[in-house]
Amino acid sequence: MAGESDVVAAAAMPTVREPAWMPRHHLVLFALLLAGLLVAPFMLYPIFLMKVLCFALFASAFNLLLGYGGLLSFGHAAYFGMASYVSAHAAKVWGLTPELAILSGTLIAAVLGLVFGALAIRRQGIYFAMVTLAFAQMVYFFSLQAPFTGGEDGIQAVPRGHLFGLFDLSRPEPLYFFVLAIFFGGILLIYRIIHSPFGQVLKAIRQNEARAISLGYQVNRYKLAVFVLSAALSGLAGATKAIVFQLASLTDVYWAMSGEVVLMTLLGGMGTVFGPLVGAAVIVTMQNYLASFGDWVTIIQGAIFVIAVLLFREGIVGVIAKWTKKPL
Amino acid sequence: MSDGVILAAQDLTKEFRGFFAVNGVDLSVQRGSVHALIGPNGAGKTTCFNLLTKFLSPTRGRITYNGQDITSLPPAGIARLGMVRSFQISAVFPHMTAVENVRIALQRERGDSYDFWRSARVLSVFDDRAAALLEEVGLTEFSDTLAEELPYGRKRALEIATTLALNPEMLLLDEPMAGMTQEDIDRISALIKRVAKSRTVLMVEHNLSVVADLSDRITVLARGQVLAEGDYASISKDERVIEAYIGGGHE
């Protein structure tokens, strides 16, 4: 029995503790990821890589809520898109430096998350998803109508500016490493949230909410907290994307974007640290390299999703984690 | 303060669309006692239990705990006052190990854990006490086993260890023996007896020999109302109780 062999192992090595920073296989994977991303711009198109990084961060932020908070939001485009508008507006109209523009976008997403989250967590399951979708649609119509968003045109020609007023981000190298730093910082923060005392409580709530309540945890406050964190990190991704592409548009707040992030997370493996990164990379790569097929991309994407659900429901990384018997 | 009433309900009533699941129940639980709530199926025991633990809101009535009115408190608030419940279906965190299950309860001592920026390793301060609690319920050898892989009786033991981790003044056990083998029943009975020495226990239980063995006082419910109350000897001779248990099936 697995339990008994664990007991024997524990008895044989009573002093073994978890490593200080993270399990070794996570450390190795993060190191490989960082090394790969440092070399990648010399081999691949940097703009493409930055798009992958932004969506990977977005999907990870979404996964924090779905995979670790157990809450399915169908309106995460609202935080991604609104942050992207605010970041673009701040850089272009207010003339803020890129880091401050991104920070304002992130803050807006956090505030929206606080308001929408506080109302949505009163409902559960499919009703929760519908409420988040409804709020996201409100944000979409606001974005369509509000004067500062530029309607159908969006906000174009957003200046990338100088990071801290020093580094010229119109050059590809500084821009890439700036985006890489945001991505990696964001991923490590999410990793820490999952493995914090707060993360432990979230895990308990997800596994048995009634029991968590009976132990005295005010579960709605924990749900709201993770909702706000997820919204803010989604906003960070959207705000960064606006600076990279020098564009904020309706695509970023459209409901299809909310669907895309669900797709990325499920394809890669929800509730895994590395799954959303893989899912985002696969989807963005497909969109880029299959662009010549036009509308067929959506059909191919749909087919892949169906196959994924039928063959490996845990997602790509979820299946690998099952094979290797290691949490990824 | 070893005497007196710890938990009291007056005129406790719960109506579901015209059906009174619990109707005008008065109940008082003496501090330090083991109090059992029994009755035939559908008597309203579990509803009553859920009302007392605030998992349901009463239609009418008042509940006091240590003299404080708790009728409008949220369920998490009850636990914070020292009254912790268990569930009919075993209430563990299935994908956490036994020691992690207990630690989640010990973690409550930190107050709220909103510190998402800190490593979960700060929780290792609770490891020794978690191990001690597991030892108390005989689960030491299972401490690194996932809760879902534990046999049923061990799950209930883990649940009690988790509950004890909060050091509650009062335990509410919802059918602690449901679905257990005789061997498990003996072990959990002994455990409840030991735990009850310094605490108050209110339990809903079907197994009458367990009730006879453990309880100081018994309240019999039938059709949402209190039918009789007393110790086991007097209850078991009560005509109305016998009628409710034996005659109830013919309705």
Side-chain angles (χ1 to χ4, degrees), chain A residues 1-11 13-14 16-22 64 68-70 188-226 228-230 232-233 271 327, chain B residues 53-55 74-87 89-101 103-108 110-124 127 140-150 159 162-163 165-166 168 172:
Chain A
M1 297 295 285
E4 281 168 1
S5 63
D6 285 351
V7 172
V8 174
M13 299 178 288
V16 170
R17 295 254 165 181
E18 278 176 44
W21 173 229
M22 57 175 73
L64 174 64
Y68 296 95
L188 287 180
L189 174 61
I190 290 171
Y191 186 89
R192 170 44 64 85
I193 294 171
I194 297 165
H195 298 95
S196 67
F198 173 72
Q200 285 297 110
V201 178
L202 282 185
K203 198 169 157 184
I205 294 173
R206 197 174 71 242
Q207 291 181 19
N208 195 336
E209 182 167 341
R211 181 54 169 164
I213 293 172
S214 83
L215 294 178
Y217 287 107
Q218 290 159 316
V219 298
N220 275 356
R221 296 192 188 178
Y222 288 86
K223 287 184 184 175
L224 181 58
V226 73
V228 173
L229 286 167
S230 172
L233 285 156
Chain B
T53 51
K54 309 305 303 156
F55 274 69
I78 304 290
R80 287 160 180 251
L81 290 177
M83 184 165 115
V84 182
R85 70 166 290 178
S86 73
F87 294 82
I89 43 161
S90 90
V92 292
F93 301 110
H95 304 298
M96 293 170 120
T97 63
V99 70
E100 283 174 334
N101 265 271
R103 216 167 53 182
I104 275 291
L106 288 168
Q107 197 183 328
R108 281 276 304 110
R110 312 172 74 232
D112 290 310
S113 290
Y114 297 121
D115 43 352
F116 60 82
W117 55 89
R118 216 169 261 147
S119 166
R121 287 190 315 126
V122 299
L123 302 177
S124 61
D127 284 353
T140 302
E141 55 177 320
F142 295 103
S143 52
D144 291 323
T145 307
L146 287 183
E148 65 175 353
E149 289 167 5
L150 291 173
E159 195 187 325
T162 308
T163 304
L166 294 179
L172 294 104

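Order of the sequence lines fixes the chain letters, A, B, ..., with proteins taken first and strands second; residue numbering starts at 1 for each chain.
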- Can you tell which part of B:Thr162 gets under 4.5 Å to a heavy atom of chain A, answering side chain, backbone, both or neither? both
- Give the C-alpha distance, both sets of side-chain angles, the deciding distance and a yes or no for side chain to side chain contact (heavy atoms under 4.5 Å, CB included) between A:Tyr217 and B:Ile104. CA-CA 10 Å; A:Tyr217 287 107; B:Ile104 275 291; 4.0 Å; yes
- Find the one option among B:Ala105, B:Pro94, B:Pro75, B:Ser86 whose heavy-atom pairs under 4.5 Å with chain A are most numerous. B:Pro94
- Message: Applying side chain to side chain contact (heavy atoms under 4.5 Å, CB included) to A:Tyr68 and A:Val226, what does each step give before you reach the verdict?
- Response: CA-CA 9 Å; A:Tyr68 296 95; A:Val226 73; 6.0 Å; no
- Task: Mind jotting down which residue pairs meet the side-chain hydrogen bond (donor to acceptor under 3.5 Å, both in side chains) criterion with at least one end in residues 200-214 of chain A? Sequence neighbours excluded, please.
- Result: A:Glu209-A:Lys223, A:Arg211-A:Ser214, A:Arg211-B:Thr163
- Cut-off 4.5 Å, heavy atoms of chain B, and the answer for A:Ile194 is neither
- Query: What pairs meet the salt bridge (Lys or Arg N to Asp or Glu O under 4.0 Å) rule with one or both residues in residues 74-87 of chain B, with sequence neighbours excluded?
  - Reply: B:Arg80-B:Asp112, B:Arg85-B:Asp174
- So which part of B:Phe87 gets closer than 4.5 Å to some heavy atom of chain A, the side chain, the backbone, both or neither? side chain
- Between B:Ile78 and chain A, which part of the residue has a heavy atom less than 4.5 Å away: side chain, backbone, both or neither? neither
- Task: Determine the option with the most heavy-atom pairs under 4.5 angstrom with chain A, choosing from B:Glu159, B:Arg118, B:Lys54.
- Result: B:Arg118
- Could you label the plane-to-plane angle of the A:Phe198 and A:Tyr222 rings as parallel, tilted or perpendicular, counting under 30° as parallel and over 60° as perpendicular? parallel
